[in-house]
Amino acid sequence: MSASEVHVRAPGKINLALRVGPARDDGFHPLATVFQAVSLYEDVVARRADDISLTIRGRGEDLPTDEGNLAVRAAALLRETAGTEAGAALTLTKQVPVAGGMAGGSADAAATLLACDQLWGTGLGREELAELAAELGSDVPFALTGMSAMGTGRGDVLTPVMSRGQYHWILAVQDEGLSTPAVFRQWDEMNGLASDDAEELPQLGGEVFSALLGGDPLILARALGNDLEEAAIELRPQLADVLAAAERAGALAALVSGSGPTVAALALDGPHAHSVAGVMRAADVAAEILTVTGPVAGARVMEHVGRR
Ligand SMILES: C[C@@](CO)(OP(=O)(O)O)[C@H](O)COP(=O)(O)OP(=O)(O)OC[C@H]1O[C@@H](n2ccc(N)nc2=O)[C@H](O)[C@@H]1O
Ligand SMILES: Nc1ncnc2c1ncn2[C@@H]1O[C@H](COP(=O)(O)OP(=O)(O)O)[C@@H](O)[C@H]1O
């Protein structure tokens, strides 16, 4: 069964905890991370067409619309895997900041995989889609599953994490992104480890898991931490001012999300988030201050048109 038009929505993420180990032989760093999907979304509408094409709206209008774009790469990979000749005209509406440490490109890839799977009726299960997702990027599997999950391996091996309640975040978004490989390279420079540490795997303490189970933002605030934060600040010293501004504005805690430069500040509840956001806007440390909640669902179909 296939459709003539499918709309899929996928969320951006915050890394609540991120531990990094020394680079493996393939250049990737082993990670131990806890992802939380948040209510900042990428929307992909896929329509039947002869070829794969992409139109971008919202953020990222300067991004490539050919195979340089993760959404196009996702559609092409699915087409090859499913052995179909079908095409898709993709319209992507981006809200997640580009190169912001919130995995917007990964959400685009996840949303496109699911949209084209439905459009073409390829009938791949979630597990097969997750395998394709991991081929596209370390963060893509999480964008499919959403909610809260631990990521190990290069961040692509997921284990669901129990989480109670909704958390309220303030996001300080910068105009200019940071390159993920550049931040990992900076981490390498700052953490040059001896060769006998090469097999070392990063570990997460239990604090973040018990905090999420308990549902108390005051406790989660004490469990947040990101090993890439110092490297991101080294490359973008202004991030130290953003973190300080979040603290002055009364946030429970603040950290750089993933490889940055987005800073996520945790609030007690919705009204508190609104008040922290107001103070942070007045401090003028970021291009935009947004409020979001998490956890939210992963990539999901919003609408099918002309199912037959
Ligand atoms: C740092 C994290 C934390 O969640 O998120 P972002 O800040 O990008 O959102 C992720 O590990 C990013 O995942 P993603 O952006 O999908 O990375 P990929 O496309 O797989 O890899 C891009 C590049 O980042 C570096 N990389 C990525 C993942 C990893 N575990 N080790 C690495 O060293 C490598 O240089 C790789 O070539
Ligand atoms: N659909 C896409 N959206 C965003 N970036 C993309 C996309 N396709 C390819 N890219 C490339 O991936 C890089 C980082 O992607 P993004 O997911 O936005 O950030 P991050 O890895 O920091 O979470 C961008 O700078 C861009 O070069």
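Just so you know, ligand 1 is whichever comes first in the structure, and atom 1 is the first atom listed for that ligand.
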Atom indices of ligand 2 within 4.0 angstrom of [X] heavy atoms, with elements:
X: G105; result: 2 (C), 3 (N), 4 (C), 16 (P), 17 (O), 18 (O)
X: D108; result: 1 (N), 2 (C), 3 (N)
X: G100; result: 19 (O), 22 (O)
X: G68; result: 8 (N), 9 (C)
X: M102; result: 23 (O)
X: V98; result: 18 (O)

Would you mind telling me if ligand 1 is within reach of the side chain of [X], the backbone, both or neither, using heavy atoms under 4.0 Å?
X: N15; answer: side chain
X: F28; answer: both
X: L31; answer: side chain

Does the side chain of [Y] come within less than 4.5 Å of [X]'s, by heavy atoms?
X: T262; Y: E288; result: no
X: S259; Y: L178; result: no
X: K13; Y: D139; result: yes
X: F209; Y: V34; result: yes
X: L239; Y: Q174; result: yes
X: W120; Y: R79; result: yes
X: T152; Y: L31; result: no
X: V8; Y: R300; result: no

Under-4.0 Å protein heavy-atom contact, [atom]:
atom: atom 9 (C) of ligand 2; value: yes
atom: atom 13 (C) of ligand 2; value: no
atom: atom 27 (O) of ligand 2; value: no
atom: atom 10 (C) of ligand 1; value: yes

*Do ligand 2 and A103 have nitrogen or oxygen atoms that lie under 3.5 Å from each other?*
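For ligand 2, there is an N or O atom that lies under 3.5 Å from one belonging to A103.
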*Can you find an N/O atom of K94 closer than 3.5 Å to an N/O atom of ligand 2?*
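Right, the criterion is met.
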*Qualifying residue, where the test is side-chain contact (heavy atoms from CB on, under 4.5 Å) with F35 and the options are L16, L158, I14, L18*: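 Testing F35 for a side-chain contact (heavy atoms from CB on, under 4.5 Å) against L16, L158, I14, L18 leaves exactly one candidate, L158.
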_Does the plane of the ring in H29 sit parallel, tilted or perpendicular to the ring in W187? Use 30° and 60° as the thresholds._
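Taking W187 first and then H29, their aromatic rings stand perpendicular (interplane angle over 60°).
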Nearest-contact summary for [atom] - protein heavy atom, Å:
atom: atom 25 (C) of ligand 1; answer: F184 CD1, 3.5 Å
atom: atom 31 (N) of ligand 1; answer: H29 N, 2.8 Å
atom: atom 21 (O) of ligand 2; answer: T180 OG1, 3.3 Å
atom: atom 19 (O) of ligand 1; answer: G137 CA, 4.2 Å
atom: atom 24 (O) of ligand 1; answer: T180 CG2, 3.5 Å

Whether [X] lies under 4.0 Å from ligand 1, heavy atom:
X: R185; answer: no
X: A103; answer: yes
X: F35; answer: yes

Numbering the atoms of ligand 1 from 1, which are under 4.0 Å from a heavy atom of [X]?
X: M102; value: 9 (O)
X: G27; value: 33 (O)
X: P181; value: 23 (C), 35 (O)
X: G258; value: 7 (O)
X: S138; value: 13 (O), 16 (O), 17 (O), 18 (P), 20 (O), 28 (C)

*For the residue pair R154 and S138, confirm or rule out a side-chain donor-acceptor distance under 3.5 Å.*
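A pair is found: one side chain offers a donor N or O, the other an acceptor, under 3.5 Å apart.
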*Tell me, yes or no, whether the heavy-atom count around R126 atom CZ, taken from other residues, nucleotides or ligands under 6.0 Å, exceeds 12.*
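It does: R126 CZ has more than 12 such atoms within range.
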*Do other residues, nucleotides or ligands put more than 12 heavy atoms under 6.0 Å from the CD atom of E67?*
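More than 12 within 6.0 Å, yes.
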_Basic-acidic side-chain contact under 4.0 Å: E135, R73_ =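 Between R73 and E135 there is no salt bridge, as every charged N stays at least 4.0 Å from the carboxylate O atoms.
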Hey, is the main chain of [Y] close enough, under 3.5 Å, to the side chain of [X] for a donor-acceptor pair?
X: R236; Y: G177; result: yes
X: T33; Y: A17; result: yes
X: N226; Y: G258; result: yes
X: D227; Y: V20; result: yes

*Please determine if S257 has a nitrogen or oxygen closer than 3.5 Å to a nitrogen or oxygen of ligand 1.*
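Among all N and O atoms of S257, none is under 3.5 Å from an N or O of ligand 1.
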*Out of D156, D139, V183, whose heavy atom sits nearest atom 12 (C) of ligand 1?*
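Checking each option, the heavy atom nearest atom 12 (C) of ligand 1 is found in D139.
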_Tell me the nearest of S257, A109, A99, G101 to atom 18 (O) of ligand 2, using heavy-atom distances._
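Comparing heavy atoms across S257, A109, A99, G101, the nearest one to atom 18 (O) of ligand 2 lies in A99.
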*Examine the proximity of ligand 2 to L63 and report which part, side chain or backbone, both or neither, has a heavy atom under 4.0 Å away.*
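The answer is the side chain of L63.
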